[in-house]
Structures are given as C-alpha cells and as structure tokens.
There are 2 protein chains.
Amino acid sequence: MSETREKIISLADKLIRVNGFNAFSYKDIAQPLEMKNAAVHYHFPGKTDLGIGVINEELYRFTQQTHKWQKLPEDEQLKHFIDVFRKHCHHGNICLMGSLSPDYNTLAPDMQLKVQEMANAILQWLSACLDAGRKHKRFKFKGSAEDRALLIITNLQASLLMSRVLGNTIFSRISHQLLDDILI
Amino acid sequence: MSETREKIISLADKLIRVNGFNAFSYKDIAQPLEMKNAAVHYHFPGKTDLGIGVINEELYRFTQQTHKWQKLPEDEQLKHFIDVFRKHCHHGNICLMGSLSPDYNTLAPDMQLKVQEMANAILQWLSACLDAGRKHKRFKFKGSAEDRALLIITNLQASLLMSRVLGNTIFSRISHQLLDDILI
DNA sequence: AAATTTACTTACTTACTGGTAAGTAAGCAA
DNA sequence: TTGCTTACTTACCAGTAAGTAAGTAAATTT
C-alpha cells in the first residue's frame, strides 16, 4: 500500500474517532497532509471508499493482534483487549463501532455491511475467548458466552463515550469492575 | 410552550436519535412541518439552541417519569427504566447520550454542558435506585452502586447502538442477562 | 384606535460539501 | 522514443449548510 494512502487512512481513522464520520470533510484530510482535495479523491473516489478503507485497516489490525495473543491464558487476552480501549480512551478517541453505529443510517449500504462485519468479528473473538476462559476455570459468569460478550463489549464501547463527557476516570471504574465481575 | 416549538423539538429529538446531530439540517425540520427554514431559526436562533431545547425536554420527561415510579420497589423501577430503552430500540432510535456523545467534540460549549448535565442526572438516579435496591434485598451486586450504575447504563446505551447494526435481538439478550445478573 | 408583539415568509448571503473534468510532471516499459 | 501509468494540481460544479435582514399579517396590549 502506498505511503500517501496509509497516511490518509490513518488520519481518517483519527477524525472518525474524534469528530465522527459525518463531521469531517475531504478538506480535513487534504489540508494537514498538504495536498489538494482532489488528491484524496484520487485514492478514495468517494467518502464511502475511505470509510471502508479505514474499517478494513482496523479489521486487519484486530486479527493481527488477537492472533499474537492466542497462546496466552484467556484472562490475559481479555486484559490486552481492554488495554486497546484504554489506549484509545487516553488519546481521546472512541472506538470505530461507537463512532459509526450512531451514524449507521446515514452510511452507504456497502459501508453498513463493513460495519456489520467488524461488529461480528469482534463479538466472535470475544465470545470464543470467554467460552474457553470459563472452561479453563479462569472466568466465571452466568449465561452464554455470547451474551456475556455482548455485555462486555457494550460496557467498553460506551465507557469511551461516557469518558468523553464525564472524564477518563469513568473508563477505569468500568474496566475494573468489569474484570472483577468475571475473574476467578 | 407554543405548539410549533413543541413540534420542532419533537422532530429534532427524533432526527438526533435516528441520524445524529450533525446529520440533520434546518431543512429537515422545516419541510415536514411545512414551514420555512427561517421559521425554525425564529424559534431556535442557532442549532445549539435547538439541541439544548431537546435535551431540556428529555431531562423534564426523565424527572417526571422517575418521580412517577418513586413509590415502586427498586427492581420494578429498574424494569421501567429499561423499558424506556426497549421502546426506543423498537422505534429504531438510539438514546440521546448514545447519539450526542460521539459528536461531543463538535458541539458548542453550552451544549456540551447540557449533555454533561443529562449524563449526571441519569447516573445519579440509577445509582440511588441500585443502592436502595441492594439495601432492600432486591438486588445483589459487587462493588459500589455508582460503578454498577456505570456498567448498566453503558450496557443499555451501547445495546441500542449494536441493535441498529446487528438487529433488535441484541437488545433483548443484553437487557435479559443484565437483569439476571443483579436480581435476587 | 394606535402601538406593539408574535409568528412567521421572502429573499438573500457566506461558507463549505462531496465530487468531477482536464491537464501535467515524473517514472517506467517495450 | 513512444505509450502508458501513477500521483497528483488547477479549476470548477451543483447542492446544501447555518444564518440573517427586511417585510407582513394577525393578534394582543395600551
């Protein structure tokens, strides 16, 4: 992938997380990278293409990271997962799901599908992690691993939203209590 | 309050929940209400005034409803609270916090303050409800009532977001498991 | 009856949106 | 050296954003 393309995706990712998908324009990409509006259109003909590019990059990073953790005990894997959110919180970012799902109705169908794909990928990994962790006596929780994954992912997503409004202590409190609930 | 003003706030509330604050325009308010762009500006000079109007209305409804429930056992109160989210989910809406917090950085300072006020009002009520419910042996949970309130409110907020992307069954699964976790 | 206020409409401005068409300089390949 | 591709720039488009100034008809107050 070309360097310019990478820079555009990286900046778009940041802008989506900080201001939202509908709140940035091609100008916000072009100006900081010292190029013209149309140069961004050259790499990503439409805003939808750019959005899909950002999600694909996120999906790639996610599979790379989880693959790196796969030999670790499940509680360690979960802590790494939470740490990804912690870092985003520290940088004032929210997660892509938290940013794109409120705007979901305004997104083009292709991009809606990509958001779905991302949601499913994260939920599947987390469900599997929780299921294996319970079998290995590292987690305890009621109900199915899938439902527990939904509870945890919603905690993490919205903790970034709440942190933005009420301050970063919110994230620590949520992530701490979350772990305390399921760790043995 | 004038009838037109009420209609504008009601429609703006819907548009914020369905498309987001930055994704609707004065035209989207004026056209369906069969008035001109400038008539909306007459009632709400700036978009910020409109946003604050919507939040004030929501705060008013929230205090009215919780007041109506105050004599009920705490588990009943919590179920009513969850039902408010369930109804929004059913109508394809997300909650105001879930819609406004991703756009928080793009909001004017007065409106940011209003969003904070709303977040605090909801958290305070839920914390008090959980605290009293535990004392009356209707709830059981680890940690402080404030932290538990954060976990539950993030579950509910993000469950509406996830439902939008993956379908309404998500909400039922989360709300069910949520109650199962803390009800005695 | 006159003055004022309310609730608008008409007509507009400024700024920006995503997007496109046409051109160009540099590099590479046959 | 010709032709083609890459990575842009310049210049522009139609549409839409929030917002405003001036006018008006009807109701309300004095």
Side-chain angles (χ1 to χ4, degrees), chain A residues 1-16 18-55 57 99-100 102-112 114-115, chain B residues 1-16 18-55 57 99-100 102-112 114-115:
Chain A
M1 193 169 27
S2 88
E3 203 192 325
T4 307
R5 204 185 139 90
E6 274 177 54
K7 278 185 189 165
I8 292 172
I9 283 189
S10 169
L11 181 52
D13 179 281
K14 181 74 185 170
L15 287 166
I16 290 172
V18 173
N19 290 332
F21 188 72
N22 288 323
F24 80 90
S25 71
Y26 275 65
K27 185 200 69 189
D28 300 318
I29 301 279
Q31 242 171 30
L33 298 182
E34 287 170 306
M35 48 170 64
K36 300 296 152 163
N37 204 321
V40 186
H41 280 287
Y42 168 76
H43 290 280
F44 300 95
K47 212 179 171 184
T48 295
D49 304 294
L50 179 49
I52 289 174
V54 168
I55 300 178
E57 181 64 24
S99 178
L100 294 175
D103 294 342
Y104 192 76
N105 293 330
T106 72
L107 304 178
D110 325 10
M111 197 169 159
Q112 290 185 335
K114 263 289 158 201
V115 174
Chain B
M1 192 170 28
S2 90
E3 203 192 323
T4 307
R5 204 186 138 91
E6 274 177 55
K7 279 184 188 164
I8 292 172
I9 284 189
S10 169
L11 181 53
D13 179 282
K14 181 74 185 171
L15 287 167
I16 290 172
V18 173
N19 289 333
F21 188 72
N22 287 324
F24 81 91
S25 72
Y26 275 65
K27 185 200 69 187
D28 299 317
I29 302 279
Q31 243 172 29
L33 298 182
E34 285 169 307
M35 48 170 63
K36 300 295 153 160
N37 205 321
V40 185
H41 279 287
Y42 168 75
H43 290 280
F44 300 95
K47 211 177 171 186
T48 295
D49 305 292
L50 180 49
I52 289 174
V54 168
I55 300 178
E57 182 64 23
S99 178
L100 295 174
D103 294 343
Y104 191 77
N105 293 330
T106 72
L107 304 178
D110 324 12
M111 197 169 159
Q112 291 185 333
K114 264 291 158 198
V115 174

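Naming: A, B, ... by sequence-line order, numbering from 1 per chain.
Qualifying ring pair (Phe, Tyr, Trp, His ring centres under 6.0 Å) partners for B:Phe24, counting only residues two or more places apart in sequence or in other chains: B:Phe21. B:Tyr26 is linked by a ring pair (Phe, Tyr, Trp, His ring centres under 6.0 Å) to B:His41, counting only residues two or more places apart in sequence or in another chain. Scored by the side chain to side chain donor-acceptor pair (under 3.5 Å) test, A:Thr106 finds A:Asn22 as partners (sequence neighbours excluded).
Counting heavy atoms from C-beta outward, B:Glu57 and B:Asp13 have side chains that stay 4.5 Å or more apart. Residues B:Ile55 and B:Leu100 have side chains in contact (heavy-atom distance under 4.5 Å, counting atoms from C-beta outward). Side-chain atoms of A:Leu50 and A:Ile8, non-hydrogen and from C-beta on, do get closer than 4.5 Å to each other. The shortest side-chain heavy-atom distance between B:Met35 and B:Thr4 falls under the 4.5 Å cut-off.
On the nucleic acid side, DNA chain C has its first and last nucleotide under 4.0 Å of a heavy atom of chain B at C:dT6 to C:dT10, going 5' to 3'.
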What does the list of N/O pairs under 3.5 Å between the protein and nucleotides 11-15 of chain D look like, with a distance for each?
none

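Remark: A:Met35, A:Lys36 in residues 19-36 of chain A come within less than 4.0 Å of DNA chain D through at least one heavy atom.
With rounding to the nearest 0.5 Å, the separation of CG in B:Asp49 from CG in B:Asp110 is 8.0 Å.
Atom NZ of A:Lys36 is surrounded by 12 or fewer heavy atoms from other residues, nucleotides or ligands within 6.0 Å.
For the pair B:His43 and A:His41, both in contact range of DNA chain C, the more 5′-proximal nearest nucleotide belongs to B:His43.
Nearest heavy-atom pair across A:His43 and A:Arg5 is O-NH1, 3.8 Å.
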